[in-house]
Amino acid sequence: MLNQKVADLLNVQINKELYSAYLYLHFSNFYHEQGLDGFANWYQVQAQEERDHAMLFVKYLQNNDAPVTYEAIDKPSVELKERMDPLAAGLKHEQYVTGLIHAIYEAAYEARDFRTMQFLDWFVKEQGEEETNASDLVKKMELFGGDAKALYMLDSELGGRTYSAPSLVL
Ligand code: FEO
């Protein structure tokens, strides 16, 4: 039996991950409209990863015979005007998600729920990678965003990102 607080937080996290997917689809659409299809692709793939994250939480709850509740997903609230806006908002969002994962970890720790702590270890590492990726994109845009040729090359690079399933299998 999962601790109730831990189970509740895991359920909330499903919604947060699906919101992340929705937010990144919003970003992807913004770049598509700007003609930056590489950036659009990067966030499209990111959205797929976020859906995977949600499904890992679903599966973990199901494996532990805990109820799964799907709540409404919020409308992406970030207003996008400049090319930097999605990148800066993406970094901020990942930092927020890291805080959420750590809060679940803390609840699991307090409940001496070692199984959930081990499950969350993958997400703690993943969040580190996601923050690094988001921060790298901000830096690259700061450096190259003002130069059309460099922006074209950066867009081409991001267009090469392909989806791969998460390394964590439940
Ligand atoms: Fe599922 Fe980007 O954190």
Side-chain angles (χ1 to χ4, degrees), residues 2 6-32 36 38-64 66 68-80 83-109 113 115-141 154 157-170:
L2 285 179
V6 172
D8 288 347
L9 288 172
L10 289 168
N11 252 299
V12 169
Q13 195 61 30
I14 297 170
N15 187 274
K16 300 288 184 185
E17 299 291 345
L18 290 174
Y19 174 78
S20 301
Y22 213 30
L23 181 69
Y24 292 146
L25 287 176
H26 176 51
F27 292 178
S28 179
N29 188 55
F30 170 80
Y31 283 122
H32 176 74
L36 289 167
F39 282 83
N41 171 69
W42 200 92
Y43 277 114
Q44 179 89 35
V45 173
Q46 191 60 34
Q48 285 175 284
E49 284 199 1
E50 298 300 350
R51 183 192 170 276
D52 286 341
H53 295 169
M55 295 316 295
L56 287 168
F57 284 101
V58 170
K59 190 83 186 142
Y60 182 75
L61 284 164
Q62 288 174 339
N63 285 353
N64 286 280
V68 170
T69 314
Y70 294 114
E71 301 291 348
I73 301 165
D74 289 341
K75 180 180 174 180
S77 57
V78 183
E79 200 187 339
L80 306 173
R83 285 178 198 142
M84 180 61 97
D85 292 347
L87 307 177
L91 175 58
K92 212 170 134 199
H93 183 70
E94 288 303 332
Q95 289 164 340
Y96 165 68
V97 173
T98 297
L100 295 173
I101 298 289
H102 289 184
I104 310 172
Y105 205 103
E106 203 175 334
Y109 177 78
D113 178 353
R115 189 189 299 170
T116 299
M117 286 162 65
Q118 196 196 37
F119 164 68
L120 289 172
D121 280 340
W122 184 87
F123 283 92
V124 171
K125 187 164 172 278
E126 175 76 3
Q127 280 311 121
E129 288 171 13
E130 301 234 315
E131 282 191 39
T132 301
N133 290 339
S135 167
D136 284 353
L137 283 180
V138 169
K139 284 181 203 152
K140 283 182 178 172
M141 184 60 96
L154 179 56
E157 181 192 319
L158 298 180
R161 185 183 186 191
T162 54
Y163 167 75
S164 58
S167 54
L168 178 66
V169 179
L170 295 180

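As the structure lists them, so they are numbered: ligands from 1, and atoms in each ligand from 1.
- With sequence neighbours excluded, no residue forms a salt bridge (Lys or Arg N to Asp or Glu O under 4.0 Å) with E71.
- With sequence neighbours excluded, the residues forming a salt bridge (Lys or Arg N to Asp or Glu O under 4.0 Å) with R161 are E49, listed by chain and number.
- Residues Q46 and E50 bring a donor and an acceptor atom of their side chains to less than 3.5 Å of each other.
- A donor and an acceptor atom, one from each side chain of H53 and E126, are located under 3.5 Å apart.
- For the side chain to side chain donor-acceptor pair (under 3.5 Å) test, residues two or more places apart in sequence or in another chain that qualify with Y96 are K16.
- Using modelled atom types and a 3.5 Å distance limit, the side chains of Q13 and E17 yield a donor-acceptor pair.
- Looking only at protein N/O/S atoms, the ones less than 2.8 Å from atom 1 (Fe) of ligand 1 make 3 in total.
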